[in-house]
Novice: 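Before we start, here is the structure in question, set down as C-alpha cells.
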2 protein chains.
Amino acid sequence: MAVNRELIVGAALGILDEFGLADMSMRRIGDALGVQAATIYWHIPNKQALLAGVSDAILADVPVPVTDQPLAAGLDAWARSLRSVLLGHRDAAEVVAATLAVGLGERVPDEGCVAALRRAGWDEVRARQAARAALHFVLGHVTQEQTRRNLVDFGVLKSPIDVLDDEGFTVGLDIVVRGIAGWSPQA
Amino acid sequence: MAVNRELIVGAALGILDEFGLADMSMRRIGDALGVQAATIYWHIPNKQALLAGVSDAILADVPVPVTDQPLAAGLDAWARSLRSVLLGHRDAAEVVAATLAVGLGERVPDEGCVAALRRAGWDEVRARQAARAALHFVLGHVTQEQTRRNLVDFGVLKSPIDVLDDEGFTVGLDIVVRGIAGWSPQA
DNA sequence: ACCTGAACACCGTTCAAGT
DNA sequence: ACCTGAACACCGTTCAAGT
C-alpha cells in the first residue's frame with residue numbers, strides 16, 4: 001500500500017487530533033492506512049519511536065524566536081508560541097513530555113529558549129537549566145489544560161472557562177520570566 | 001483473604017517501589033495479596049482511584065511547613081521536601097502528576113505552598129496560580145530524574161551523576177522562588 | 001523490499017456464580 | 001459481604017510465510 005515513515009507519523013497525528021492519545025494504537029494507525037499493525041514495525045522500530053516522530057511533527061510548527069529582543073520579551077514569546085502549538089493538537093503536551101523524558105525526538109522544545117538565554121550572556125549549563133525550568137512549567141500547565149479538556153469531552157466534568165487557563169498561564173509565566181530575567185548572567 | 005482498601009493500596013505501593021509503575025497491574029497487585037484481580041474491584045472502583053490512593057499515601061510523608069518563616073525560605077523548604085519524598089518512591093512524580101491532572105486524590109501536593117503564600121499576604125487565586133507554577137516545576141523535574149533513573153536500571157542509558165540533578169533542581173527552584181518572592185502581594 | 005496472518009504475553013474491567 | 005472463574009475487548013511486539 002506504499003506506506004512509509006512519513007505517512008505513518010501523519011496517520012498517527014491524525015488519530016491523536018481526532019480521538020486522543022488513548023486511541024492512538026498501532027492497530028488503529030494500521031486501519032487508517034489500510035495496513036496491518038505489524039507492517040508499521042517494518043518502518044519504525046517501536047511505539048516510543050513513533051511517538052517521538054509525532055512529537056517532532058508537532059514541534060515543527062513552533063516559530064523560530066526573534067533575535068533582537070530583550071530577554072524577558074523573548075522568553076515570553078517563546079513560551080506563548082509553544083503553548084499555542086501544543087494546544088493545537090489533542091494531548092500534545094503529554095506526547096512531547098513523554099518523548100522528552102526518554103531523550104528521543106530530533107527537536108528539543110526548549111532550544112529556542114536556550115538560544116535566547118545564550119544571546120543574553122548566559123553560559124551553556126545555566127541556560128539549559130533555566131530553559132528546562134521554564135519548559136517544565138509550560139508542559140505541566142498545558143498537560144493540565146488538555147487533561148481537563150478531555151474529561152470535559154468525556155462528560156465527567158463541567159466545561160471550565162478557558163479564560164481562567166489563560167490567566168493562570170500568564171501569572172505562572174510571569175513568575176518564571178521574572179525569576180530568570182532577575183538573575184545576573186552567571187550568578 | 002481479609003483484603004481491604006488499605007492493604008490493596010499498600011501492596012500497590014510496594015510493587016511501585018520494587019518494580020515501577022509499568023508493573024503495577026491489577027493482576028500483579030492481586031498476586032501480591034493472594035487474591036484475584038477482580039477482587040480489587042469490590043474495594044476500589046477502578047485503577048485511577050487506586051492510583052489516587054497510592055498518590056495520597058506517598059504525599060502523606062510531606063512534612064507540614066514551618067509557619068514563621070520568610071516566604072522565600074518557606075517555598076524553598078516546601079519544594080525540597082516534596083522532591084525528597086517523591087524521590088523515595090519509584091515513578092512517584094508520574095503517579096502524583098497523573099492523579100493531580102484528573103482531579104482525584106485527597107491530598108493536593110501544593111496546599112502547603114498555597115498556605116505559605118497566603119500567610120505572606122497573597123490572595124487565594126494568585127496564591128493557587130503561583131503555587132501551581134512551582135508544583136509544575138517540581139513534578140516536571142522529578143519526573144525527568146525518575147524516568148532517566150529507570151532507563152539506567154534498564155541498561156539503555158549510562159548512569160548520570162546525581163549531583164547534576166541536584167544542581168539543576170536548585171537553579172530552577174531558585175528561579176521560581178525569586179520570581180514569586182519578587183512579586184508584590186496583589187500585582 | 002514490503003506486507004500478512006497468526007500468535008505470544010499481557011492489559012483493565014465485568015459479572016454470574018460460589019461461599 | 002466478599003471472592004473466584006471466566007470471559008470481553010483490547011494492547012505492543014514478533015516472526016514465519018507470502019508476494
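As the structure is a computational prediction, the values presented were derived from the model and not from experiment. Chain identifiers are assigned alphabetically (A, B, ...) following the order of the sequence lines, protein sequences preceding nucleic acid strands; residue numbering begins at 1 within each chain.
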Novice: Name the closest nucleotide to the B/Arg28 side chain, picking from D/dT4, D/dC11, C/dC11.
Specialist: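 The closest nucleotide is C/dC11.
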
Novice: Suppose we define a pair by two distances each less than 3.5 Å, Watson-Crick or G-U wobble; what does C/dC10 pair with here?
Specialist: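 C/dC10 is unpaired by these criteria.
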
Novice: Using whole Å, what does the distance between atom C1' of nucleotide C/dC2 and atom CG of A/Asn4 come to?
Specialist: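 Distance, rounded to whole Å: 12 Å.
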
Novice: Please report the distance, rounded to the nearest Å, between OH in A/Tyr41 and C1' in C/dT4.
Specialist: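 Distance, rounded to whole Å: 15 Å.
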
Novice: To the nearest Å, give me how far apart CD (B/Gln36) and C1' (C/dT13) are.
Specialist: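 Checked: the CD to C1' distance equals 14 Å.
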
Novice: Ring-plane angle category for A/Phe137 and A/Phe169, please: parallel below 30°, perpendicular beyond 60°, tilted otherwise.
Specialist: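 The rings of A/Phe137 and A/Phe169 lie parallel, inter-plane angle below 30°.
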
Novice: Please determine, for the side chain of A/Ala38, which listed nucleotide (C/dG5, C/dC11, D/dG12) has the closest atom?
Specialist: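 Nearest to the side-chain atoms of A/Ala38, counting from C-beta on, is C/dG5.
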
Novice: Nearest whole Å is fine: how far is C/dC11 P from B/Ile40 CD1?
Specialist: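 It is 11 Å, rounded to the nearest whole Å.
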
Novice: If pairing requires Watson-Crick or G-U wobble contacts with both distances under 3.5 Å, which nucleotide is the partner of C/dT4?
Specialist: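 With both distances under 3.5 Å, C/dT4 matches D/dA16.
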
Novice: If you draw a 6.0 Å radius around CZ in B/Arg128, do more than 12 non-hydrogen atoms from other residues or ligands fall strictly inside?
Specialist: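 No, CZ of B/Arg128 has 12 or fewer neighbouring heavy atoms, counting only those of other groups under 6.0 Å.
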
Novice: If you check the A/Ser25 side chain, which of D/dC11, D/dT14, C/dT13 turns out closest?
Specialist: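 Within the option list, the nearest is D/dC11.
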
Novice: Please report the distance, rounded to the nearest Å, between CZ in B/Arg5 and P in D/dC2.
Specialist: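 Atom-to-atom, B/Arg5 to D/dC2, this comes out as 15 Å.
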
Novice: Quick one: does B/Gln48's side chain have a donor or acceptor within less than 3.5 Å of a partner on B/Thr99's backbone?
Specialist: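 No; judged by distance alone, with no hydrogens or angles, the pair does not exist.
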
Novice: Under 4.0 Å from OP1 or OP2 of C/dC2: is there any side-chain N or O of A/Trp42 that close?
Specialist: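 For A/Trp42, the contact criterion (side-chain N or O under 4.0 Å from OP1 or OP2 of C/dC2) is met.
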
Novice: Mind checking B/Thr39 for me? I need base, sugar-phosphate or nothing, with any heavy atom below 4.0 Å counting as a touch.
Specialist: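 Counting heavy atoms under 4.0 Å across all strands, the contact made by B/Thr39 includes a base.
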
Novice: C/dG12 P sits how many Å from B/Asn46 CG, rounded?
Specialist: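 Spelled out: CG on B/Asn46 to P on C/dG12 is 11 Å.
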
Novice: In whole angstroms, how far is the P atom of C/dT13 from the CG atom of B/Leu51?
Specialist: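 Distance check: B/Leu51 CG to C/dT13 P gives 11 Å.
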
Novice: Look at the side chain of B/Asn4 and the backbone N and O of B/Leu7, then say whether any donor-acceptor pair between them is shorter than 3.5 Å.
Specialist: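 A pair under 3.5 Å: yes.
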
Novice: Under the ring-ring contact (aromatic ring centres under 6.0 Å, His included) rule, what pairs show up with a residue in residues 44-68 of chain B, not counting sequence neighbours?
Specialist: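 Residue pairs passing ring-ring contact (aromatic ring centres under 6.0 Å, His included), neighbours aside: none found.
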
Novice: For A/Asp23 and D/dC10, what is the distance between atoms CG and P respectively, to the nearest whole Å?
Specialist: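 Atom CG in A/Asp23 sits about 10 Å away from atom P in D/dC10.
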
Novice: Taking only N and O in the side chain of A/His43, is any of them less than 4.0 Å away from OP1 or OP2 of C/dC3?
Specialist: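 Indeed, a polar side-chain atom of A/His43 lies that close.
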
